[in-house]
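Below you'll find the structure, written out as structure tokens, and then a few comments.
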Amino acid sequence: MRRSEEAQAFFHAVYLAVQEIPHGKVTTYGHIAHLVGTPQRARQVGMCLKHLPLDPEARFNSDNVPWQRVINSRGTISPRSVPEGTQVQATALRAEGVEVRRLALGELAVDFEVYGWFPEVLPSEAGQQ
DNA sequence: GCGGTGACTGAGC
DNA sequence: CGCTCAGCCACCG
């Protein structure tokens, strides 16, 4: 039942990239996909976060990976199967100083102009080439 | 093992 | 502006 090595590498890269997002900032699924070299796999980035382990013992888990800092390209918190999930994410973001506005249709939005983080290259990779 | 599903997105109407 | 559509591909039944 092991994931293919390639898939595992992808999950790994995504989690590392998400950990690079500074406290109090946000970015998009698509941008993370770009950073890990597969710009067309924004959807899979979402899956990586969806399946982020809760287990504190895991190499990557919901405590050491700031999953809440990833939102969609429209600047809103993506709806999910469990509606409460979006509220949990909004609360987590507000807890670190990010302003989350409620739009008319119940959408939860963050202003990229203020909180966006979109480097072309990961800080950890900068200066290595 | 196959097929539906989905924390996505940019393009095209 | 809003809606569909096609890629995307690991997960889960």
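Per chain, numbering begins at 1; letters A, B, ... match sequence-line order.
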Nearest whole angstrom, please: distance from the P of C:dC8 to the NZ of A:K50. 21 Å
Residues that A:T86 engages under side chain to side chain donor-acceptor pair (under 3.5 Å), provided they are two or more places apart: none
Strictly by salt bridge (Lys or Arg N to Asp or Glu O under 4.0 Å), give each pair with a member in residues 70-79 of chain A just once, sequence neighbours left out. A:R74-A:E107
Note: contacts of residues 71-78 of chain A with DNA chain B (heavy atom, under 4.0 Å) are A:N72, A:S73, A:S78
Rounded interatomic separation in angstrom, taking CZ from A:F10 and P from C:dA10: 9 Å
Please enumerate all residues that pass ring-ring contact (aromatic ring centres under 6.0 Å, His included) together with A:F112, with sequence neighbours excluded. A:F118
Give, ordered by number, those residues of residues 79-88 of chain A having at least one heavy-atom distance below 4.0 Å to an atom of DNA chain B; if nothing qualifies, reply none. A:P79, A:R80, A:S81
Restricting to pairs with a member in residues 49-66 of chain A, which pass salt bridge (Lys or Arg N to Asp or Glu O under 4.0 Å), not counting sequence neighbours? none
Expected rows: protein N/O vs nucleotides 5-7 of chain C N/O, under 3.5 Å:
| residue | atom | partner | partner atom | Å |
| --- | --- | --- | --- | --- |
| C:dG7 | O6 | A:R43 | NH1 | 3.1 |

Checking A:R80 now: which residues fulfil side chain to side chain donor-acceptor pair (under 3.5 Å) with it, not counting sequence neighbours? A:Q89
Classify A:T38 by what it touches in the nucleic acid, base, sugar-phosphate, or nothing, heavy-atom distance under 4.0 Å. nothing
When the distance from CG of A:L52 to P of C:dA10 is rounded to whole Å, what number comes out? 18 Å
Going by heavy atoms closer than 4.0 Å, what residues in residues 89-106 of chain A are next to DNA chain C? none
Tabulated below should be each protein N or O lying under 3.5 Å from an N or O of nucleotides 11-13 of chain C; please produce it.
| residue | atom | partner | partner atom | Å |
| --- | --- | --- | --- | --- |
| C:dC11 | OP1 | A:R3 | NH1 | 2.7 |

State, to 0.1 Å, how close A:I77 and A:N72 come at their nearest heavy-atom pair, and which atoms those are. C-ND2, 4.2 Å
Rounded to whole Å, please give me the gap between CD in A:Q8 and C1' in C:dA10. 13 Å
Which residues pass the side-chain contact (heavy atoms from CB on, under 4.5 Å) test with A:E96, not counting sequence neighbours? A:H23, A:Q68, A:R69, A:V98
Just list the side-chain donor-acceptor pairs under 3.5 Å for residues 40-49 of chain A, sequence neighbours left out, or say none.
none

Classify the ring geometry of A:Y15 against A:F60: parallel below 30°, tilted from 30° to 60°, perpendicular beyond 60°. tilted
